[in-house]
Amino acid sequence: MTKLQFPLDFVWGSATSSYQIEGAYDEDGKGESIWDIFSHTLGKINNNDTGDVACDHYHRYKEDIELMKEIGLDSYRFSISWPRILPNGKGEINQKGLNFYKELVDQLLEAGIEPVITLYHWDLPQALQEEGGWANRDTIKYFVKYAEVLFDELGAKVSQWITHNEPWVVSFLGYAEGEHAPGIKDRKQALQVAHNLLVSHGLVVKKFRELDLTGDIGITLNLTSVYSYSETDKDQEAAQLMEEYINGWFLDPVFKGSYPKKLAQIYENQFGKIDIQAGDMDLISQEIDFLGINYYSRALINYNPNSKFYGIESIKPAESDYTAMNWEIYPDGLYDLLTKLNQEYTNKPLYITENGAAFDDQIIAGQVNDQRRINYLKEHFKSVYRAIQDGVPVRGYYVWSLMDNFEWAYGYSKRFGLIYVDYNTQKRTLKDSAYWYQQVIEENSIGI
Ligand SMILES: N#[N+]C[C@@H]1[C@@H](O)[C@H](O)[C@@H](O)[C@@H]2O[C@H]12
């Protein structure tokens with residue numbers, strides 16, 4: 001068996017987010033988030049599931065850290081619930097909420113696991129949504145203040161910070177498609193939200209620098225490798241527009257200081273100008289220390305004049321393999337994405353801040369044989385290895401997810417975890433993939 005040896009300092013981790021695992025949605029002074037409201041609205045979530053209890057991580061974090069140690073994680077990426085820190089999004093700090101995260105960080109460090117904090121993973125305080133949420137530019141200053149509270153409290157112990165997780169999803173599923181909280185269907189408002197999220201990213205990076213903190217700060221974007229279904233001009237134009245929509249809309253402002261021209265013109269013709277203030281683009285594109293990449297699949301695009309979105313249609317090849325999310329399994333897309341990012345956008349370190357798959361895991365006699373997840377991860381690790389060999393500065397990889405959890409609109413119907421969670425008993429069981437990952441981490445290599 002050939003072993004693909006990763007760099008000695010390569011970071012093997014796993015990721016979660018606050019609303020998806022913590023539960024304790026109304027405990028110890030936590031305020032409501034937009035996801036508490038959305039999940040409590042009948043019909044929004046599969047089976048009307050909510051994050052009220054989730055994986056009860058708020059009470060079981062010590063047990064969960066022991067499981068991270070058993071797997072051998074170098075690092076753990078998690079997000080902080082803004083309304084647990086500032087119940088109204090601004091104003092008085094909830095000390096019990098802050099204490100939870102201080103203890104979590106201390107316990108992780110004691111376990112030899114590097115904490116990576118995502119400041120915003122979608123759970124906006126409902127009180128701010130009632131003032132317009134991210135569509136209201138005032139939310140930006142409240143986000144900066146929230147970040148400053150955490151920098152002050154944890155900045156000396158946490159060396160890697162992520163401002164936003166997937167602002168594309170926040171903007172376009174939350175404010176255009178209405179599939180995510182706050183469930184708004186207004187594409188012009190979504191464009192303003194996208195811009196305000198980017199400005200908030202820039203101002204938090206600026207605050208981080210002003211505080212002269214020793215760590216690194218970056219942003220995590222959901223990125224997809226986009227391919228044209230054919231060589232025809234129409235298909236290639238449709239693919240290029242998809243590239244601007246799914247990747248460029250956030251990559252270009254952050255690394256080039258401007259929005260992708262073709263799509264920006266389409267939007268302006270359709271919706272008029274959004275509120276972009278003097279200095280915004282410079283703020284957004286100030287230097288960051290790394291880029292976080294959430295990669296799950298590719299997009300194979302052809303032109304369809306009947307498509308509801310600017311002639312863009314996604315093709316799903318019948319011969320491909322798919323996950324339980326009906327996402328095509330396409331590991332080469334990760335290699336293509338990493339090389340494209342390094343060639344066209346940045347020489348900064350890259351982290352795979354999320355990659356993983358949902359499969360219909362079954363627990364039988366206390367074991368979960370999730371060979372398909374092992375195969376999925378191995379193939380994507382190979383793509384990362386190839387990119388590193390080609391000189392792309394990929395520094396780490398976080399499997400999504402540490403444990404099965406609340407999968408947003410899908411509720412608990414999709415299992416992405418390395419750890420199986422029985423939601424009736426909260427019993428955790430390491431899946432075969434967790435034991436396989438344990439060996440990968442121990443050997444810092446994959447066998448092929
Ligand atoms: N869906 N799906 C799985 C996973 C989701 O659970 C994460 O919260 C997001 O950051 C990203 O969408 C990816």
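Predicted, not measured: the structure shown is a model, and the values here were computed from it.
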Tightest non-hydrogen contact, residues Ser383 and Leu334, listed as CB-CB, 4.1 Å
Looking at Tyr310, Tyr267, Trp168, which one forms a ring-ring contact (aromatic ring centres under 6.0 Å, His included) with Tyr245? Trp168
Do Ile71 and Ile419 come close enough that some side-chain heavy atom pair is under 4.5 Å? yes
Any side-chain heavy atom of Ser159 within less than 4.5 Å of one from Glu114? yes
So does Lys414 have more than 12 non-hydrogen atoms from other groups sitting under 6.0 Å from NZ? yes
Please confirm whether Phe38 and Trp122 have ring centers closer than 6.0 angstrom. no
Looking at Gln367, I'd like to know if its CD atom is crowded, meaning that more than 12 non-hydrogen atoms belonging to other residues, nucleotides or ligands lie closer than 6.0 Å. no
Within the supplied structure, the quantity of interest is the number of heavy atoms (other residues, nucleotides, ligands) at a distance under 6.0 Å from Gln389 CD; does it exceed 12? yes
Stacked cation flag Arg415 on Phe359, 6.0 angstrom / 45 deg: no
Do Glu27 and Arg84 sit within salt-bridge range, that is, some charged N less than 4.0 Å from a carboxylate O? no
Beyond-backbone contact of Leu124 with Ser33, side-chain heavy atoms, under 4.5 angstrom: no
Positive for ring-ring contact (aromatic ring centres under 6.0 Å, His included) with Tyr296, one of Trp327, Tyr330, Trp400: Trp327
Closer than 4.0 angstrom, basic N to acidic O: yes or no for Arg60 and Asp64? no
For Ile217 against Phe290, the heavy-atom pair lying closest together: C-CE2, 3.5 Å
Any salt bridge linking Lys30 with Asp36? Criterion: basic side-chain nitrogen under 4.0 Å from a carboxylate oxygen. yes
Mind telling me whether Tyr146 and Trp82 have parallel, tilted or perpendicular rings, with 30° and 60° as the class edges? parallel
To the nearest 0.5 Å, how far apart are OG in Ser413 and CG in Asn46? 4.0 Å
Donor on one side chain, acceptor on other, Asp422 and Gln426, under 3.5 Å: no
Side chain of Tyr437, backbone of Gly13: donor and acceptor closer than 3.5 Å? yes
Rounded to the nearest 0.5 angstrom, the CZ-CG distance for Arg428 and Asp56 is 7.0 Å
Please find the pair of heavy atoms, one from Gly215 and one from Asp289, that lie closest to each other, and give the distance. O-OD2, 4.2 Å
Less than 4.0 angstrom from a charged side-chain N to a carboxylate O is my criterion; do Lys431 and Asp404 meet it? yes
Kindly say whether the aromatic ring centers of Trp35 and His121 come within a distance under 6.0 Å. no
Would you please classify the geometry between the Phe250 ring and the Phe172 ring as parallel, tilted or perpendicular, with 30° and 60° separating the classes? perpendicular
Considering all heavy atoms of both residues, which atom of Pro7 and which atom of Ile388 are nearest to each other, and what is their separation? CG-CG2, 4.0 Å
Is the NZ or CZ atom of Arg77 both under 6.0 Å from the centre of the six-membered ring of Tyr398 and within 45° of that ring's axis? no
Between Val421 and Tyr412, is any pair of side-chain heavy atoms under 4.5 Å apart? no
Supply the atom-to-atom distance Lys96 NZ to Tyr101 OH, rounded to the nearest 0.5 angstrom. 15.0 Å
Got more than 12 heavy atoms from elsewhere within 6.0 Å of CD, Gln439? no
Roughly how far, to the nearest 0.5 Å, is CG of Leu251 from CG of Leu341? 6.0 Å
Validation row, ring centre Phe78 to ring centre Tyr76 under 6.0 Å: yes
Parallel, tilted or perpendicular: rings of Phe6 and Phe381 (30°, 60°): perpendicular
For Glu177, is there an ion pair with Lys185 - N to carboxylate O distance below 4.0 angstrom? no
Yes or no on salt bridge (Lys or Arg N to Asp or Glu O under 4.0 Å) for Arg395 and Asp9, after CA distance, side-chain angles and deciding distance? CA-CA 8 Å; Arg395 296 281 189 267; Asp9 59 355; 5.3 Å; no
Look at Arg386 together with Asp332 and state whether they make a salt bridge at an N to O cut-off of under 4.0 Å. yes
How long is the span from the CG atom in Leu241 to the CD1 atom in Ile246, to the nearest 0.5 Å? 12.0 Å
Flag if over 12 foreign heavy atoms under 6.0 Å of CD, Glu442: no
Among Thr353, Asn294, Thr220, Thr118, which residue satisfies the side chain to side chain donor-acceptor pair (under 3.5 Å) criterion with Asn165? Asn294
Examine the side chains of Tyr420 and Asp370 and answer whether a donor and an acceptor come within less than 3.5 Å of each other. no
Between Leu119 and Val204, is any pair of side-chain heavy atoms under 4.5 Å apart? yes
Between Tyr385 and Tyr397, ring centroids under 6.0 Å: no
Which atom of Val394 lies closest to which atom of Ile352, heavy atoms considered: CG1-CG1, 4.3 Å
Test item: Pro167 and Leu221 side chains (from C-beta on) under 4.5 Å apart, heavy atoms: yes
Provide the closest heavy-atom pair for Ala194 versus Ser171 in the form atom of the first, atom of the second, distance. CA-OG, 3.3 Å
If we only count heavy atoms from C-beta on, is the Lys157 to Leu109 side-chain gap below 4.5 Å? yes
Report yes if the side chains of Lys141 and Leu203 come closer than 4.5 Å at any heavy-atom pair, otherwise no. no
Distance check, rounded to the nearest 0.5 Å: Gln438 atom CD versus Leu418 atom CG? 11.0 Å
So does Glu379 pair up with Lys382, basic N to acidic O under 4.0 Å? yes
Can a donor-acceptor pair be found between the side chains of His40 and Asn48 at a distance below 3.5 Å? no
Got a salt bridge between Glu328 and Lys316, using NZ or NE/NH1/NH2 to carboxylate O under 4.0 Å? no
Do the rings of Phe100 and His57 sit parallel, tilted or perpendicular, given the 30° and 60° boundaries? perpendicular
Measure from the ring center of Trp134 to the ring center of Tyr120 and say whether it is less than 6.0 Å. yes
